[in-house]
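Indexing begins at 1, ligand by ligand and atom by atom, following the structure's order.
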Amino acid sequence: MKKQIQDLYGFQVSSIKKLVGYDNANYLLECDNERFVFKTYPFTKDTYTLLNAETEILNSLQDSFRGSIPKPISTISGEYITVVELENRKTICRMLTFLEGDFLGESSGNLKIYTSLGTFLAKLDNELRSLNNYIIKARKWEWDLQYLHLNKPMIDAIPHASDRSIVRYFFLQFDQMVVPHLPFLRKSIIHNDANEWNVLTNGDKICGLIDFGDLAYAPVINELAVAITYAIYDKEDPLLWAAHILKAYHKITPLEEIEIHLLYYLIAARLCISVCNSAQSRLDQPNNKYASVSEKPAWKMLRKWLSINPTGAENYFRRALKFPDQKTPSIQTQLKKRNINLSKALSISYQKPIYMEKAAFQYMYDAYGNAFLDAYNNIPHVGHSHPKVVEAGQKQLSRLNTNTRYIYDLLSDYAEKLLEKFPSSLNKVFFVNSGSAASDLAIRMAKHFTGKESLMVMEHGYHGNTQIGIDISDYKFSNPKGQGQKQHIIKTALPDTYHGRFTKNDGSAGAAYAAEAIHQIDNAKSQIAAFISEPIVGCGGQVPLAMGYLEKIYPAIRKQKGLTISDEVQTGFGRVGDHFWGYEAQNVIPDMVILGKPMGNGHPIGAVVCTEEIAESFSRGVEFFSSFGGNPVSCAIGLAVLDVIEEEQLQQQAKTVGDYYKSLFTDLKNDHPCIGDVRGSGLFLGVEVVKPGSHIADTQLAQKIKNELRAQFVLVSTDGPGDNVIKTKPPLIFNKDNALEVVEKMDSILRSH
Ligand code: PMP
């Protein structure tokens, strides 16, 4: 090769060293007193054309940037880009000057350097703006943020399903937030790849920029989105570093408000492009380490990016550039507006209510720019705004939404997939739109099937907001403002091993509580149509039924020809970790199961699952019809939720993270006598706050913990008859770091108490 180079360029080469490269070969040439970079590329017409365009741009920039960008060197015959046979292959060659300096990636990386980077890029873009090049203009490839979707096929190369979901989430955000603005953004030729291995530094200054192979005719803001991505992706406080680059750039070329508005999503998109390409190249060229240099920090930042409120990032950038604050109505204004048309019967969480704007996975974003860790909401089971669920809904909504009086595949497909999760005896499903509608229907069906009226319900139980729902919910009918217990309702004591009379959770407490309940059954005025309970009683304060309890109760109910109903609205779909359904922990199979909340990840779906006999009996009565129950959009969403639970192994995640989370709370209990009990399973936990040395509720302290956690951007709630049980049941993508954050914050609140 040496001789060929010497013949082509007419100078003596004393040594050749191969350098790392992304998708071409680079060589460092030592000549007399000078160093050059010799680059070779496998011949294609496109590469040849593009390299000529790049050379044209590099040459046009020489007057202003000589010494700080590479200068093309021509062959003896005057060609900057030449085609030769190298090692028997048709190869494109070119020569550039070598630039001195330390890579930004190896520098100390202080804030001054990033200010200098902003200045450098602004000056460069000012020059590039005056240039025109139709080859660059026509270029369309995956590293240009405008064409983010060209990266979509590569998402499948990312090994973990949960990681793929993060990328898909940002693709969807890009579609919604960026794409509508793209045609209106100012455009120019930009360098488009100011990453830390293309930027050269000398002390606190940027002294050079190399690799113009990614030149694009693109929105000007993309230049900054790219530079900022690589500047921040290994930093603890990414917005701070980003702001320094922006400020410096803005001083020379004022940025527009819309550009700042899009920046958060553009940076996320660049991180996505990086991880997609790293994953793909790990498959395609496993030996090319350079192709995935950015992978680790990009993933770290992509996950961290989710914990930053997009509005918060925008506000931060705006403040740095001295744009006026955006006007967001105050909470008082919002409350006033809400109270004009809505009843105060609807409660609002926290002393300081939250004006919520957006959410992603385990994070929720308020309108003022704060991000909250959601350790409370179980409805977004697989994560807020999960892309698979959103896409399923969007796609079906734009295709067909109708009702069960027509035939469509999604209804039977979803029913089949859902029923696969149940034992074979539970093989019929009725779709409705809420947990309340499900419990209401289940009770109607039970009465129809048994011909009986009485219902046995659990102390502190809650099953829904319909009249039947309220009738069977001690939590509501026994409330001082409630309607009281109806004649046909038999309430049985909560088999609670913390507060109750029987405390040994080895089966003996369960048997003792069951014996009392069986006594009630045997002595009931009339026979019982159904017994309904949750396996872990949420409104009772996350109280798991004592072990062995249902195993004794179910046969007693069945003996007098009644039905057993498990309310899995809170505990279903893998949340409890060890099992997919909460009743499984009690070694029983109910006759009916009611489903809701997590089933549609926030989309309103509920269901009653029952045996063939019960469904058959019901079908002999009047027609059952629900306008919305089982509609194709709901079915598509429900299917997506089941798919995500499987793909992302979320039941396993609930088990692993839940066990860890519970162990952290148990440690906390050992340090703080005001924590009386830690209970529940998987990601369905309760932490009971009491007066030290007693089981007496400390409601005030529990409320204080909840509100102070809210002030520290962590969401939990309280429940139980004394409203003193901290309830945590986060989306199942909640991870161990999230768990630690909640418990550490709770610890510090209790220490300063
Ligand atoms: N059952 C249980 C156990 C519940 O927690 C709830 C809601 N909190 C319901 C039923 C009623 O569900 P929905 O609010 O969706 O009607």
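- For Y414, the ring-ring contact (aromatic ring centres under 6.0 Å, His included) test picks out F431, with sequence neighbours left out.
- With salt bridges taken as basic N to acidic carboxylate O contacts below 4.0 Å, none links K491 and E459.
- For an aromatic pair to be called close, the ring centres must be under 6.0 Å apart, and F449 with F618 fails this.
- Partner of D471 under the side-chain hydrogen bond (donor to acceptor under 3.5 Å, both in side chains) criterion, chosen from Q485, H463, K486: K486.
- Ligand 1 lies under 4.0 Å from heavy atoms of S434, G435, S436, Y462, H463, G464, E534, D567, V569, Q570, K597.
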Item to check | Working for ring pair (Phe, Tyr, Trp, His ring centres under 6.0 Å), residues F361 and H386 | outcome: CA-CA 6 Å; F361 300 99; H386 193 289; 5.8 Å; yes
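- Taking the centre and axis of the six-membered ring of F580, the NZ or CZ atom of K421 falls inside the cone set by 45° and 6.0 Å.
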